[in-house]
Amino acid sequence: TTSNINGTTNLVIRGTMLFSVGVFLALVLNLLQVQRNVTLFPPDVISSIFSSAWWVPPCCGTASAMIGLLYPCIDSRLGEPHKFKREWSSVMRCVAVFVGINHASAKVDFANNVQLSLTLAALSIGLWWTFDRSRSGFGLGIGIALLATLATQLLVYNGVFQYTSPDFLYIRSWLPCIFFAGVITMGNIGRQLALYEYKVVQEKTHQD
Amino acid sequence: DGRQLTPPPRMTLRERLREKISAAFYHHGLLCASYPVPIILFTSASILTCCYPLLRLPLPGTGPVEFTTGVRDYTVPSHEPQGDLGERPDWYRGPPVAYIQQVLVKAAVSPWDSSLVPVDVFRSPLGRVFSLLEEIRNHVHSDSTGVRSLEALCLQVTDLLPGLRRMQSVLPEHGCLLVSPGNYWQNQRELFDSDPDPLKTIQKHEPKGLHTSATLRDLLFGVPGKHTGVSHYNRKRVVTYTITVVLVSYDTRFLGSLRSRLKQLHPSANCSLRDDHMVHVHFKEEIGIAELIPLVTTYIILFAYIYFSTRKIDMVKSKWGLALAAVVTVLSSLLMSVGLCTLFGLTPTLNGGEIFPYLVVVIGLENVLVLTKSVVSTPVDLEVKLRIAQGLSNESWSIMKNMATELCIILIGYFTLVPAIQEFCLFAVVGLVSDFFLQMFFFTTVLSIDIRRMELADLNRRLPAEAGLPPPKPGPLRPREAPPPPRPSPHTITLQTPAFRNLRLPKRLRVVYFLARTRLAQRIIMVGTVIWIGILVYTDPAGLRTYLAAQVSEQSPLGDSGGGGLPPHLGVAPVFHAGDPTSTLSVLPAPEPTPLPENQSQGHHGSAGAGPRPQVPPAVPQITWGAEDEEGWRRLSFRHWPSLFSYYNITLAKRYISILPVIPVTLHLSPQEAIETRHPQDTRHPPPPIPKVSADLQTDLTLYKVAALGLAAGVLLVLLLFCLYRVLCPRNYGQNGVAHGRRRRGDLPCDDYGYSPPVSEISPLLLRGHSMDIECLASDGMLLASCCLAGQIRVWDAQTGDCLTVIPNHGLRRSSSSGCWEQRDGWDSVGGATEPECLGSDCREHSFSGDGLSEDEGDLLRRRSVPARPTLFTDQPDLTPLIDTNFTCQPPSHLATPPRGGFDFGGLVERAYLEHESPSPSTYPSPSSAASSSPPSAAHLQRRRSLGDAPTLPAQDRASTAGTQATADWDSSVWAMELRGNLIAAGRSSGKLELWDAVEGSLRCSNEDGVSGITALAFLNNRIVAARLNGSLDFFTVEINKPLGLLQYRGAPGRGSMPPSPCYSSEDVISCQLTRSVQCAHQKPITVLRAAAGRVVTGSQDHTVRVYRLEDSCCLFTLQGHSGGITAIYIDQTMVLASGGQDGAICLWDVLTGSRVSHVYGHRGDVTSLVCTTSCVISSGLDDLICIWDRSTGIKLYSIQQEVGCGASLGVISESLLVTGGQGCVSFWDLNFGDLLQTVYLGQSSDGQGVRQLLVLDNAAIVCDFGSELSLVYVPSVLEKLD
């Protein structure tokens, strides 16, 4: 029973960490987008801190917590533990590349949106190949990216917020790529955290 | 993974490449570790050289901030902060430094006439600038509030900065700051008209080589150079330029009237530029919090990445130092990248601070970490340079693979054709390459220094004060560990006195040693690093320098130099003709602009960057106005305005300027006018054909040019390095392929850091007596038995080298009682028994003693014909001339001299000496042996079959001893021989097993149960195992039936309790019985047979190894795993079993379970011999390479190149001392370090015969064959590191 309690507390701790990482990244990355006037929020919500809708960071945080917990869970379910580059430095590199992709999407001038989308897609796939290389990761990334795009679509459709220059059914066409890269990144972090916890548990059992 | 380093015999291209890369890295590692200081200096020099262009580059700051207000309700903001700031930025307070009013002129000759020359495209449009200038200068607005002219409103400038004298003719001084292309000609139309080549004039002022982003051309034209259209290759035939007026105060009415006046004069029909916004540009260094947060985040992530990466550095002396080195490597490579790109003309437009973290992340610290990890995981006891080399070599493939992958990814990114990404990729590529360069040179060297430091520190700990001890007294010279026995054991450590060693060290080495001891190099590097970091901090964009610059610029009074006292002067003196505004009416009204379809609104400026168009230029140049013209200054470098103002010592830092909406002016000139304004030389000077590419193409190709130049520079760098490498490095530098076997005598091998072997002379003891090449060698530690091709077996005392017994090929009769035999008789029988058969007509004469004497003269003659050789031992006879190598002639058997005296076993030493004294008969050739004594191939399997390979005659009974009635087979040759106690077991080609008494030279028993030749023998305890050519394995038991009386005398010599090295007395009746014969133990001939630890291991050509139990000859395992015949097997008391095959593979087996422990490919060709120590496996192969492997991991530690044909001879004397045979010499190697300790020359001639067999005796001596001689070498003590 103690191990159960330990397990749940660990889960909660992990979830909290992932949540905070997600919130932080959402705030920072949104700042990038706001600088570029990519997203426009209704004027009444824009007065909130960090010039973003209040509900965006928590949503991102929750989503990242879910993703970060889901990845190691699926790994263990599938029985193929992720062995590729399990190091914090690699995770940090992954996060940096993710921020870089966001940066590129926000600040680099592209000739047209197709080019932007294609470049971002290539970058996202490159991110997956460099830091993940697992089929489950790819599938989950694609699935969640599609779901998130759909959700964004619904939100925009209902007028919760809008994009300055939508190019694909009210939203930006590069959104799925960003979501995919984000999913890969959060999954990477989640796996690393799970690995750490696993190690700690192992050490404890060894001590016992 | 060491296994990857060892290619199997047939390699694919990939593996060959891999091996090449690995070898190259290995050599490079050796180079780096050997010359750390020069390499670090060289690297630092290259870094500084590559970063030098950065000094000339204006430091990248953060971009200017803009704020847009409407023109209509514009008022100069007040200084006081207002309550309702709204979205007003903080800096938008007080009047700006200046207002910038640009008049954007687009001019074209239209319609274009085919009679026009390219110069006409821009000459007349440029010529119109002067009338426009006059118009602007003379514009006066008068209304109720008064009369205003430009003079009153414009920014009055004084002197240019002292450093800009060359610009005095171009930039205005002491007057209105009004710049236009007309400034090139001092605003005088006459000068322009008389200028034969306006382009040249423009080009004259361009800076050579490196151009910063704001050139004079940009300043005067006010549009980026490629957009001006002033070029011979302007396909659009539209010329664009601006007249920039800098105003110090804003007057709506004056500007409005100017605008309307110009518009009225030069209407722009389809111009829809908005003119209701003015942009305030703030040039502050501070960054807003909103931009700072993402920036800071990326930097935090970057530092986390660096932290987590460098945390993995372990097992080194200074973690911090190495982490610093890693970071320095990455940062310097980035700086080098920027520097190189700048050198080749690419000006960075990206914000350096923003992309920097991503560049670091892309380049990464991975390689550095992998290198460190790989190097520290090499065996600690290896020498430093070998560790570095191995570490590099182990990771070479992955490093190259990663690098290739990253380059590929970046190249893909380059082809996205997005300029920003392209630029990023360019930086990343150059950064990657320079990072690789720095890793290889800078970091590897630092790592070697670090590891050496660690090693030195460890050694200092281990040997606290030993070096400081006074030299030991001559009496007890023995080191502390040395055991009392008189001969020093090889395992002892003899530490020479330091003074003595220093004397022996060359001066150069002493200097290096001094450097190493005082850690001078490290200190210099540390100081250099600190200085470097200081420079970095100082030159960092956000660092000290900008701060200082800002401070200085803040304190300097604006517009001093007393210029304020000057009255407002009339502009640039020659220009400003006071004239009435009406004079400008002389300007021709523009012709009707050609009607333009609206859908052609894509301005030529927008598409200017898209590359040259092959299409025919339009006959009517179309002047179009697009949105991009609205704020054309945005396309200028953001340093445009600061640099313009800085020429007059006005800083814009932390201040702002207001840019007013441009005034569009469209000029259409008729071809008539264009022709009129021509300079006479215009038509005579056709545009110089190529190399001047069109401006568009030029700018477009910049990236590619930079890439090509960078690539060329890289190739050049590589070539340079290669040359440097060749110069610095001897051809065979490191281990793999070294031939330092040829070291001259007395030349001490000693590496740069003072590791030196002990100074001791080893003189080999030559055992002479055999007439032909020695075929078999066997020893049990005390005795040494050798058998030559002639079939003669000699027994030597392994301690003294005395010949104890000679068993000639023919039964020697000797008196059994005394063990002494008459040599004359012996030689009689030598003569008598020589090959009784006749071959062809060449019938051999039996020469007896008398004949021998008679032929002695001929012998002497032959001896003289042989060139005299220097004598090695003056007291010993030189027998070499006696060797008859001429096998074609009838070789008489001969007897050299009558024996000096009878041999007496009572005085062994004396007799042995006499044996040496007496020139022994030498040659004993026979046709068959002549055929077989051709130079032996190194192939292990092709054993030199000697005399009697094809037994022609049945065995002859020649020998009879007192104890046994045994027959010796003289016609078949001895293929295998073993020695235990005083019994020699000899296996003959006829399948006969003989047991000889080693001391008495008598045949004790023989066994003829088998008919197939015995290829290998093992003699363990009381059992003999014989492997036969047909693949069968026979187990014999040696039984001793002692006479009754002796039983009590000798104790209890039970069969079961046979001592390991039994001593068989001559009285014993020895019988040898076949206990078991395993027929078809192998499908093919058994090639190797080894026995130890109660196991018999056989290897055969059928690719299998079998393990038998010695006691019951039961086959325990059949080990399969080789893909070729087994050529070498090693097994020792600790049950270590290793096997090597013809496929070049080496397998390690677990004898208890029969499982394969490891499997490595080590050699190209057969593995010829194998030895294991507790930590490593030593193998030699047909490729004459000796490889040393880590036994537990199977990783190749290093390899030693042997001389041709000597590969198979190797032995291990102690855990750390390896001995190998060479051409006429044996070499001693330190196993731990792979260092050559000493080479001992066996003969005096420099190119003696190769040592093919080598036997290590228990008493730290080695025996090797040396042609027909044996050489007994006593091994000196082992070395110790100096430090």
Side-chain angles (χ1 to χ4, degrees), chain A residues 21 24-37 46 49-52 85-123 125-127 129-131 133 185 189 192 196, chain B residues 63 288-313 326 349-351 354-366 368-369 402 405-406 408-410 412-413 415-425 428 606-607 609-610:
Chain A
V21 168
F24 179 68
L25 278 182
L27 285 174
V28 168
L29 299 180
N30 202 36
L31 269 180
L32 277 176
Q33 307 282 346
V34 167
Q35 272 179 47
R36 188 62 179 222
N37 295 328
I46 210 166
I49 50 157
F50 288 122
S51 64
S52 162
K85 288 193 182 173
R86 305 298 297 267
E87 287 160 342
W88 274 113
S89 60
S90 168
V91 172
M92 282 300 150
R93 217 179 174 193
C94 179
V95 173
V97 172
F98 174 62
V99 174
I101 289 176
N102 275 277
H103 200 129
S105 78
K107 291 223 163 167
V108 175
D109 289 312
F110 286 88
N112 50 43
N113 280 310
V114 178
Q115 200 182 27
L116 170 67
S117 305
L118 284 180
T119 310
L120 287 188
L123 280 174
I125 301 287
L127 181 85
W129 193 78
T130 319
F131 298 104
R133 287 196 207 178
T185 309
I189 299 176
Q192 192 64 35
Y196 185 72
Chain B
I289 191 79
E291 293 133 49
L292 205 61
I293 285 177
L295 203 64
V296 166
T297 311
T298 50
Y299 274 92
I300 287 174
I301 294 172
L302 174 70
F303 283 123
Y305 168 62
I306 291 177
Y307 168 72
F308 283 121
S309 299
T310 51
R311 204 177 59 163
K312 288 189 285 185
I313 294 179
T349 56
L350 296 175
N351 190 339
E354 276 181 11
I355 64 165
F356 176 76
Y358 304 124
L359 276 176
V360 172
V361 164
V362 162
I363 288 174
L365 292 162
E366 260 63 29
V368 164
L369 303 176
N402 280 342
T405 320
E406 286 186 339
C408 275
I409 290 174
I410 290 172
I412 291 169
F415 287 110
T416 53
L417 300 178
V418 180
I421 293 185
Q422 277 183 324
E423 194 182 324
F424 180 84
C425 290
S607 56

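Below, each value reflects all heavy atoms present in this structure, side chains not excepted, and no hydrogens, waters or symmetry copies. Chain letters run A, B, ... following the sequence lines, proteins first, then strands; residues in each count from 1.
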S89(A): which residues meet the side-chain hydrogen bond (donor to acceptor under 3.5 Å, both in side chains) condition with it, sequence neighbours left out? K312(B)
Got a second to check how far I409(B)'s CD1 is from L123(A)'s CG, nearest 0.5 Å? 10.0 Å
For the residue pair F308(B) and W88(A), categorise the inter-ring angle as parallel (less than 30°), tilted (30 to 60°) or perpendicular (more than 60°). parallel
Side-chain contact test, heavy atoms from C-beta onward, threshold under 4.5 Å: evaluate it for T405(B) versus W129(A) and give yes or no. yes
Taking side chain as everything from C-beta outward and backbone as N, CA, C, O, which of these in A122(A) sits under 4.5 Å from a heavy atom of chain B? Side chain, backbone, both or neither. neither
Can you pull out the residues in residues 300-307 of chain B with any heavy atom less than 4.5 Å from chain A? I301(B), A304(B), Y305(B)
Interatomic spacing from CD1 in I412(B) to OG1 in T119(A) - rounded to 0.5 Å: 12.0 Å
Just verifying a value: how many Å separate R93(A) CZ and S309(B) OG, rounded to the nearest 0.5 Å? 8.0 Å
